[in-house]
Amino acid sequence: MRFATAFMLTSALVLAACGEKKPEGQTSDAQSATATPTAAADSYPATPEGADKFVADVNADLKRMQPYFSSAQWLQATYITDDSQLIAARATEEYLAWQAKRIEQSKIFNGVQGLKPETARAIMLLKNVSAPAPSDPKLQSELATILSRMEANYGAGKWCRAPNDCLNLSDIEKIIDDPKQTPDARLAAWKGWHETARAIRKDYQRFVELVNQGAKEMGKADAGEVWRSGYDMPPAAFAAETERLWTQVKPLYNELHCYVRGKLNAKYGDSVVPKDGLIPAHLLGNMWAQEWSNIYPLVEPYPGVAALDVTAALKKQRDAEFARIRAENRSQTTPVQIAELSHQADADESVKMAKVAEDFYTSLGMPSLPPSFWEKSMLTRPRDRDVVCHASAWDLNMQGDVRIKMCIDPKEEDLITIHHELGHIYYDLMYNPLPPIFQDAAHDGFHEAIGDTITLSLTPAHLHRIGLVGPQKADPKAVINAQMKWAVAKIVFLPWGKLVDQWRWKVFSGEVTPENYNAAWWKLREDYQGVAPPTERSEENFDPGAKYHVAGNTPYTRYFLSFIIQFQFQKALCEAAGYTGPLNECDVYGNKEAGERFMAMLKAGASRPWPETLEKLTGTRQMDGSALIEYFAPLMAYLKEQNEGKQCGWGGQ
Ligand code: ASP
Ligand code: SER
Ligand code: ZN
């Protein structure tokens with residue numbers, strides 16, 4: 001994800017850490033950075049000029065305050081303690097106060113004629129917030145504290161299998177992601193992690209009340225409506241748009257679900273995975289069943305036909321690095337010393353993987369990452385403290401202090417994610433020259449789609465060229481294997497990408513009440529994904545809170561949109577590159593024309609309505625699933641054949 005915290009504008013509030021080197025004259029004490037609006041003006045004349053002045057002041061505020069807010073957030077996310085939480089909550093509180101005040105002030109321009117389009121747009125973007133705060137300072141403070149606490153609870157969450165045997169999320173994922181582990185072990189891991197979310201159930205309930213009050217003060221029905229208002233169309237039209245897109249791609253998911261269920265049924269038997277029902281959520285190789293790449297070996301259409309084991313190659317690199325480091329440090333033999341050397345090997349491999357990703361972007365004509373990126377990013381899980389490992393990309397000062405926070409392991413999933421995160425970073429770098437309020441994506445789905453688009457070029461042939469898989473044969477069976485590998489990541493994600501916010505929209509609107517939080521969550525997971533809770537659940541549980549974006553209050557529809565539009569982007573880049581073959585075999589590596597087109601879009605940031613930006617790249621003003629459908633056409637033909645005569649579906653959908 002891109003970091004724009006719960007309380008921040010989804011737009012310009014990119015972060016700024018005060019680095020150790022500060023330009024002359026820039027003060028660093030918190031006092032100077034507090035969130036009082038820049039201008040003395042408490043009110044503005046209701047004229048176009050007044051609006052221009054207001055927007056200029058908002059931009060100045062953002063530039064000035066950003067480093068302080070960002071630092072506080074970065075500190076909390078990379079060093080979870082009571083102290084960092086206190087500082088982050090305080091910064092959030094100041095930010096919420098600033099934001100509520102600026103949004104209130106902006107109301108004076110409602111209905112004012114003759115605003116410059118960019119001024120009207122800036123005012124619209126100012127209201128695009130993920131945690132609308134009430135105007136009462138006491139409530140702002142309460143909201144800020146809850147937001148920090150929920151995020152920290154996720155980051156520090158542990159499953160204690162026994163006294164003194166506590167596992168963090170990365171450790172737990174090593175169990176649940178691994179199809180070689182027994183179903184019982186994976187079930188225990190699933191339960192263990194989901195237990196950690198119970199602690200924030202009450203907080204979440206209160207959070208909903210608070211942001212809904214904030215939304216009402218903004219003149220919106222509830223916080224969900226605020227979230228749906230950031231797409232250059234009426235909120236109801238946006239909701240309908242997501243339905244339309246889902247209807248377009250749902251048949252693909254149904255075929256894939258049917259095929260995978262058949263494979264799992266054959267492996268585990270009717271009592272574990274029914275032939276015609278829901279798949280238990282702990283057997284799909286992912287804590288949230290949101291991507292199933294880790295069980296690819298179980299569903300590989302033509303076993304052994306294509307060499308696609310990227311994880312094996314990355315682990316091999318990492319182990320070679322470890323051997324090298326050990327050879328250089330023969331005197332270090334205690335368990336603690338060896339653990340430290342092992343960590344060093346992980347860190348080296350993380351950098352290596354990040355450089356593979358950077359290389360793709362520079363091949364398109366984008367700049368190298370600044371040295372500060374390598375100095376200040378957190379690319380490996382530290383050994384000495386709790387951190388929020390969920391990957392994110394940060395722009396700390398809106399002028400080049402970009403960083404990633406991620407706990408990279410030598411595995412394919414993380415190689416993909418690092419490409420994803422760098423997509424955010426290059427967006428940031430490209431739009432940094434714009435006024436702060438326009439330093440954002442055309443819409444938030446664009447931000448999530450940049451790096452993913454790049455990963456679509458990581459074809460088997462490309463992976464072979466960069467030494468991560470063996471030589472590839474031109475063989476239609478190999479194509480089906482490669483397609484299946486992407487399908488269990490990309491197609492599988494779609495229902496999940498949609499349902500997370502279906503749940504939150506219903507919670508915000510009151511259609512789902514706290515008495516039904518968990519039941520409603522599972523109803524959606526059943527309906528959309530066709531998965532079942534692997535063990536009995538009740539309203540004692542708070543399973544949505546076991547997902548980062550719920551605990552961290554990051555809207556999620558952006559990912560659903562991203563997983564659709566990234567195929568549109570890829571098709572456009574391939575066309576720009578003059579490529580005419582099948583979409584699923586296109587690799588734009590090194591193509592400067594594709595790079596130019598992509599960069600033009602990134603540089604526009606949020607300055608124009610997204611349909612216009614989309615049109616410039618793709619020639620169409622609509623988000624559309626047909627590029628995804630085209631991409632997966634060979635696999636769909638295969639799946640239909642495989643599923644023939646089977647009872648597909650799971651009832652109710
Ligand atoms: N970038 C991913 C997401 O947006 C990060 C991850 O999957 O860990 O949340
Ligand atoms: N990165 C997002 C997530 O973790 C979408 O893949 O959920
Ligand atoms: Zn992202």
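Values reported hereafter were calculated over all heavy atoms of this structure, with side chains retained and with hydrogens, waters and symmetry mates removed. As the structure lists them, so they are numbered: ligands from 1, and atoms in each ligand from 1.
Taking distance alone, with nitrogen or oxygen atoms compared against 3.5 Å, His420 stays at or beyond that limit from ligand 2. Considering backbone and side-chain N/O atoms, Gln290 comes within less than 3.5 Å of an N/O atom of ligand 2. Residue contacts with ligand 1: His420 is placed with a nitrogen or oxygen under 3.5 Å of a nitrogen or oxygen of the ligand (distance criterion only).
Ring-centre distance between His443 and Trp610: below the 6.0 Å cut-off. The six-membered or imidazole ring of Phe446 lies away from that of His424, with a centre-to-centre distance of 6.0 Å or more.
Under the 30°/60° scheme for interplanar angles, the aromatic rings of Tyr556 and Tyr559 are found to be tilted. Note on ring orientation: taking the six-membered ring where Trp is involved, the planes of His390 and Tyr548 are parallel (angle under 30°, cut-offs 30° and 60°).
Put simply, part of His549 is less than 4.0 Å from ligand 1, judged by heavy atoms. Not close to ligand 2: Glu448, with no non-hydrogen atom less than 4.0 angstrom away. Using 4.0 Å as the threshold, Tyr548 has no heavy atom nearer than that to any atom of ligand 1.
Closest non-hydrogen pair, Ala199 versus Asn153, comes out as CB-OD1, 3.7 Å. Of all the heavy atoms in Ile408 and Met353, the pair that sits closest is CG2-CE, 3.6 Å.
By the criterion of a heavy-atom distance under 4.0 Å, the side chain of Phe493, and not its backbone, is placed next to ligand 2. Contacts between Lys547 and ligand 2, counted as non-hydrogen atom pairs separated by less than 4.0 Å, involve the side chain only. The proximity of Glu291 to ligand 2, defined as any non-hydrogen pair under 4.0 Å, is limited to the side chain. Under 4.0 Å from ligand 2, not a single heavy atom of Trp288 appears.
Of all protein heavy atoms, the one lying nearest to atom 4 (O) of ligand 1 is Met1 N, 2.5 Å. For atom 9 (O) of ligand 1, the closest heavy atom belonging to the protein is His390 NE2, 2.6 Å. Of the protein's heavy atoms, Tyr559 CE2, 4.1 Å lies nearest to atom 1 (N) of ligand 2.
Between atom CZ of residue Phe207 and atom CD1 of residue Ile146 there is a gap of 9.0 Å, rounded to the nearest 0.5 Å.
By the salt bridge (Lys or Arg N to Asp or Glu O under 4.0 Å) test, Lys405 pairs with no residue at all, sequence neighbours left out.
Each of the following atoms of ligand 1 lies closer than 4.0 Å to a heavy atom of Glu448: 4 (O). Within the listing of ligand 1, atoms 5 (C), 8 (O) sit less than 4.0 angstrom from a heavy atom of Ala391. Annotation for ligand 1: atoms under 4.0 Å from non-hydrogen atoms of Glu421 are 1 (N), 2 (C), 5 (C).
Under a 4.0 Å N-O distance rule, the pair Lys485/Glu412 qualifies as a salt bridge.
A cation-pi arrangement is present between Lys355 and Trp374 under the rule of less than 6.0 angstrom and at most 45 degrees off the ring axis.
Nearest-heavy-atom check against atom 7 (O) of ligand 2 across Phe560, Phe563, Tyr556 picks out Tyr556.
At least one N, O or S atom of His420, from either the backbone or the side chain, sits less than 2.8 Å from the Zn ion (ligand 3).
Here the N, O or S atom of Glu448 that is nearest to the Zn ion (ligand 3) is OE1.
Looking at Trp227, its side chain never comes within 3.5 Å of a backbone N or O of Asp501 through a donor-acceptor pair. Using a distance-only test at 3.5 Å, with no hydrogens or angles considered, no donor-acceptor pair links the side chain of Gln85 to the main chain of Ile80.
Geometry at the Zn ion (ligand 3): N/Met1 and NE2/His424 form an angle of 120°, nearest 10 degrees.
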